[in-house]
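See structure below.
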Amino acid sequence: MPVPPPVQPVFRFAPSPNGLLHLGHALSAIVNHDMAAAMGGRLLLRIEDLDRTRCRPEFEAAIFEDLAWLGLTWEQPVRRQSDHLDLYAAALERLRAMGLVYPSVMSRGEIKAAVAAAEASGEPWPRDPDGSPLYPGRERELSAREQEALIAGGRPHAWRLDVAKAVGRLAEPLTWQETGAGPAGRTGPIAAEPAVWGDVVLSRSDAPSSYHLSVVVDDALQGITHVVRGRDLYDATSIHRLLQRLLDLPEPLYHHHRLLLGPDGRKLSKSNGDTGIAAFRAAGRSAAELRAMVL
Ligand code: GLU
C-alpha cells in the first residue's frame, strides 16, 4: 500500500482588529510561530473581523506592524473573515437543515429580566464559563411552523444551536486532544462539555456569524492541524468540537497556553494601553526583550 505523505503541521494566529495587540497576543503569536518552526510547519494569520462595530482597518494595520516588528512572518494572502460570510451562512444552513438550530427572539434586556425573575426565588440561574446566563427562552420547543411564524415579518432574532439536541445526536463521546495546559494542567484526551454553554448563538441579525461558527469553518478550510491559543478559550473548545462533529469537519490538536496577567491579577485586555506591543516598542525596548519577558 502506498504510504501517505506526512501531513505538514499548519498553525494560525487569529486576532480580532478591535484594539491594539497587547503582550498576551505577543505571547500567543510567538508560541504559534515557535511551535510551527520547531515542527517544520506553516503559520497563517487570520483576521477575525466579524464584529463590524468594533473592528477597524487601523487596528488591522497595527496588527501587521506589531507582528512584523516582533520578527514574525506569515503566509499571504491573509484571510479576513468578513470576506467569507457566505461560507458561515452555508454552515448555519446545514445545521438548520439538520433541525439543530432555532430562532431566538428575546432581547438582551428581556433575557436579563427573565433571569432576574427566575433568581428572585433564591435559586441561581445557570451561567456559562464566561459568566453569562444560559438562554432562558423556550423557542426551541416550538414546531418548525411556529418558529417560522415567530420570525415572519422581520422580527429581529438570533439563530441558536440546540445544544442538548445536538449532543443527543452524537454517536461517540466528544473529546479533544490537549497538548497545552488547561485549568487543571491536564494534557491528553479531554472530555468536551458543550452543554455548559447552553444554546450558543451562531448568528444574529446584526452579526451574520458568531465566533464559534466561523472559527471552526475557517480552521477546517485553512487545514489547521494545531490550534494554539490562550487558556481563556479552553472551555470554548467544547463548542468547537461539537460544531466540528456536526459539520463533519476534521479535528485539530489543541494547545492552550497560559495567560499573561496584569498588575491587578486579571488577564490583559486591549483597553489596557500600557501593556500594548506598540507602547512597548515606543518606549524604546526591543523585540528580543519582549520575547524574553513574555515567554
Ligand atoms: N479571535 C480570537 C481572539 O482574538 C481568537 C480566536 C482563536 O484563537 O480561536 O480572541
Side-chain angles (χ1 to χ4, degrees), residues 9-33 35-36 41-56 59-60 62-64 66-67 72 74 78-85 88 91 129-130 132 176-182 190 192 194 197 200-202 207-244 249-261 266-272 275-277:
V10 186
F11 293 76
R12 92 302 197 267
F13 177 55
S16 297
N18 55 11
L20 293 174
L21 296 188
H22 55 60
L23 299 181
H25 294 107
L27 170 66
S28 205
I30 292 171
V31 172
N32 266 288
H33 176 270
M35 285 179 76
R42 299 162 55 201
L43 176 62
L44 309 182
L45 175 60
R46 183 166 74 225
I47 300 293
E48 302 210 325
D49 60 347
L50 287 175
D51 183 345
R52 302 314 286 159
T53 54
R54 293 171 64 218
C55 293
R56 305 232 196 93
F59 290 136
E60 186 182 302
I63 288 173
F64 299 145
D66 287 346
L67 296 180
L72 307 186
W74 56 91
V78 169
R79 187 179 176 85
R80 209 178 271 118
Q81 289 191 320
S82 58
D83 292 338
H84 300 282
L85 300 183
Y88 316 132
D130 287 345
S132 299
W176 80 84
Q177 289 295 332
E178 174 70 42
T179 63
I190 307 288
W197 289 96
V200 288
V201 168
L202 298 182
S209 176
S210 72
Y211 157 65
H212 296 307
L213 185 60
S214 47
V215 84
V216 298
V217 168
D218 281 345
D219 283 341
L221 229 128
Q222 295 191 287
I224 304 299
T225 58
H226 293 67
V227 172
V228 177
R229 58 189 180 189
R231 200 180 282 181
D232 51 337
L233 291 169
Y234 181 87
D235 290 312
T237 311
S238 286
I239 284 292
H240 300 172
R241 287 292 301 120
L242 177 60
L243 289 169
Q244 285 160 354
L249 302 175
E251 175 186 351
L253 288 171
Y254 285 90
H255 183 100
H256 293 93
H257 58 72
R258 71 188 171 84
L259 297 177
L260 293 185
L261 302 179
R266 297 172 58 162
K267 74 172 183 161
L268 300 181
S269 89
K270 282 180 176 148
S271 49
N272 208 341
T275 53
I277 300 175

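These numbers were taken from a predicted model, which means no experiment stands behind them. Just the heavy atoms: all of them, side chains too, but no hydrogens, waters or symmetry mates, feed the values below. Read the numbers this way: they start at 1 and go in the same order the structure lists the ligands and their atoms. The first residue in the sequence is number 1, and the count goes up from there.
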> What class does the angle between the rings of His25 and Phe13 fall in, given that below 30° is parallel, 30 to 60° is tilted and above 60° is perpendicular?
Replying inline: perpendicular

> Between His25 and ligand 1, does any nitrogen or oxygen pair lie at a separation below 3.5 Å?
Replying inline: no

> Which ligand 1 atoms does Glu48 reach within 4.0 Å, using its non-hydrogen atoms?
Replying inline: 1 (N), 2 (C), 5 (C), 6 (C)

>> Angle between ring planes, Tyr234 versus Trp176, binned at 30° and 60°: parallel, tilted or perpendicular?
In response: perpendicular

> Is there a side-chain contact between Leu44 and Phe11, using heavy atoms and a 4.5 Å cut-off?
Replying inline: no

>> Show me which atoms of ligand 1 lie under 4.0 Å from any heavy atom of Tyr211.
In response: 6 (C), 7 (C), 9 (O)

>> Below 3.5 Å, N or O to N or O, backbone or side chain included: is there any such pair between Val227 and ligand 1?
In response: no

>> Is the distance from the ring center of His212 to that of Tyr88 below 6.0 Å?
In response: no

>> Suppose I only count heavy atoms of Arg12 and a 4.0 Å limit; which atoms of ligand 1 are within that range?
In response: 7 (C), 8 (O), 9 (O)

> Any idea which protein heavy atom is nearest atom 10 (O) of ligand 1, and the distance to it?
Replying inline: Leu233 CD1, 4.4 Å

> Should you measure from each heavy atom of Ser16, which atoms of ligand 1 turn up under 4.0 Å away?
Replying inline: 1 (N), 4 (O)

> Considering only protein heavy atoms, which is closest to atom 5 (C) of ligand 1, and at what distance to one decimal place?
Replying inline: Ala14 O, 3.4 Å

>> So for Arg46, does at least one of its heavy atoms come nearer than 4.0 angstrom to any atom of ligand 1?
In response: no

> With the threshold set at 4.0 Å, does a side-chain nitrogen-carboxylate oxygen contact exist between Asp49 and Arg52?
Replying inline: yes

>> For a quick test of reading the model, state the closest non-hydrogen atom pair linking Val228 to His257 and the distance between them.
In response: CG1-CD2, 4.2 Å

>> If the cut-off is 4.0 Å to any non-hydrogen atom of Val215, which atoms of ligand 1 fall inside it?
In response: 9 (O)

>> Using side-chain contact (heavy atoms from CB on, under 4.5 Å), reason through Arg79 and Leu221 one step at a time and then give a plain yes or no.
In response: CA-CA 11 Å; Arg79 187 179 176 85; Leu221 229 128; 4.1 Å; yes

